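What follows is a short report on a single structure.
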Amino acid sequence: MAILPVTLYGDKILRNKAKKLTEITPKDLQLIKNMFETMNNAYGIGLAANQVGSNKSIFVVDLSPLEDYKDEKPRIFINPQIIEFSQEKVAHEEGCLSIPDVRAEVLRPKSIKIKFKNISFEDCEIEAAEMLSRVIQHEYDHLKGIFFTDKIDPETQKKITPELNKIKKRKIEIDYPVTEKPVEK
Ligand code: ZN
């Protein structure tokens with residue numbers, strides 16, 4: 001297993017759409033293990049493959065670091081597709097390992113239904129609400145090249161622009177490995 005450098009805001013791959021897998025190879029299994037190790041090392045609760053430089057349609061979630069979710073098992077989502085969003089929306093503060101030290105409230109549907117493949121490449125479907133729904137939606141957005149900062153109100157967006165520029169230029173201290181400079185491909 002290995003801790004991989006996390007791609008940061010400004011790295012082009014984070015704006016790319018992920019590619020679906022047609023099968024799971026040993027290399028993919030390795031990638032997923034590394035994604036968990038990278039996420040846990042950075043105290044994250046979710047991580048998408050493009051956050052470690054892969055264009056595959058995979059994200060992982062582990063809510064267990066959160067006080068109220070200690071018994072939650074790690075989850076893997078391959079080729080995810082959200083098939084239902086609730087009408088009701090809720091606002092909650094979010095952060096992102098690719099946008100260190102920036103936090104903002106994001107309004108999202110309260111619950112969702114999602115289809116995906118599991119680690120054995122079998123079809124799965126779950127409903128998620130509360131924090132799990134939020135983290136899934138955040139990671140799902142990554143696979144479409146979308147950041148949580150794209151979804152916040154324009155005023156807050158303006159306020160955090162200097163922070164985003166600092167991240168792009170690596171003028172910040174981050175206590176987990178990240179790409180050394182903006183990655184253009
Ligand atoms: Zn994120």
Side-chain angles (χ1 to χ4, degrees), residues 3-19 31-66 69 72 74-82 85 89-110 112 114 116 128 130-153 156-157 159-170 172-180 182-183:
I3 293 168
L4 303 172
V6 174
T7 53
L8 293 185
Y9 191 92
D11 288 5
K12 194 169 171 298
I13 193 165
L14 289 172
R15 285 299 188 191
N16 292 352
K17 288 192 173 60
K19 289 204 173 84
L31 170 68
I32 290 166
K33 278 185 189 167
N34 290 343
M35 284 171 70
F36 274 111
E37 195 171 350
T38 303
M39 174 175 74
N40 295 337
N41 176 64
Y43 301 103
I45 53 174
L47 190 79
N50 56 0
Q51 291 184 278
V52 291
S54 163
N55 65 1
K56 299 209 162 163
S57 183
I58 303 171
F59 66 79
V60 297
V61 172
D62 183 358
L63 298 183
S64 66
L66 302 173
Y69 294 86
E72 274 279 322
R75 294 171 186 265
I76 300 159
F77 296 84
I78 296 161
N79 295 350
Q81 195 193 350
I82 297 181
F85 292 94
K89 292 186 177 183
V90 279
H92 200 277
E93 198 182 65
E94 294 186 23
C96 180
L97 294 181
S98 295
I99 314 178
D101 295 339
V102 173
R103 300 192 70 81
E105 290 238 320
V106 187
L107 190 65
R108 294 190 188 271
K110 191 176 183 183
I112 53 138
I114 184 169
F116 57 98
E130 310 297 335
M131 189 54 82
L132 181 60
S133 161
R134 179 159 297 271
V135 177
I136 286 174
Q137 291 181 63
H138 177 118
E139 301 312 327
Y140 186 72
D141 277 351
H142 272 304
L143 298 182
K144 292 177 177 293
I146 299 167
F147 289 104
F148 80 92
T149 50
D150 300 337
K151 299 193 155 178
I152 61 181
D153 67 279
T156 313
Q157 227 162 26
K159 235 166 64 188
I160 64 164
T161 302
E163 303 305 316
L164 297 179
N165 286 331
K166 272 191 219 164
I167 292 168
K168 276 188 201 168
K169 293 175 184 156
R170 306 297 188 269
I172 43 155
E173 294 236 359
I174 306 169
D175 52 12
Y176 46 88
V178 297
T179 49
E180 277 171 35
V183 182

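Order of listing sets the numbers, starting from 1, for every ligand and every atom in it. Predicted model, so just to flag it, every value in this text is computed and none were measured.
For the side-chain hydrogen bond (donor to acceptor under 3.5 Å, both in side chains) test with Asp11, the passing option among Asn50, Asn16, Thr179 is Thr179; the others fail.
Among protein atoms, those of element N, O or S found less than 2.8 Å away from the Zn ion (ligand 1) are Cys96 SG, His138 NE2, His142 NE2.
Summarising the geometry of Arg134 relative to Val90, their closest heavy-atom pair is NH2-O, 2.7 Å, with the distance given to 0.1 Å.
A donor-acceptor contact under 3.5 angstrom links the side chains of Asp153 and Thr156, judged on distance only.
Ring orientation note: the planes of Tyr9 and Phe147 are tilted relative to one another, at an angle of 30° to 60°.
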Can you list, pair by pair, the side-chain donor-acceptor contacts under 3.5 Å of residues 98-105, counting residues two or more places apart and other chains?
from	atom 1	to	atom 2	distance (Å)
Ser98	OG	Thr7	O	2.7
Ser98	OG	Gln51	NE2	2.9
Arg103	NE	Glu93	OE1	2.9

Query raised in the report: Where do Thr161 and Gln157 land on the side-chain hydrogen bond (donor to acceptor under 3.5 Å, both in side chains) test, with the steps shown first?
Result: CA-CA 6 Å; Thr161 302; Gln157 227 162 26; over 6 Å; no
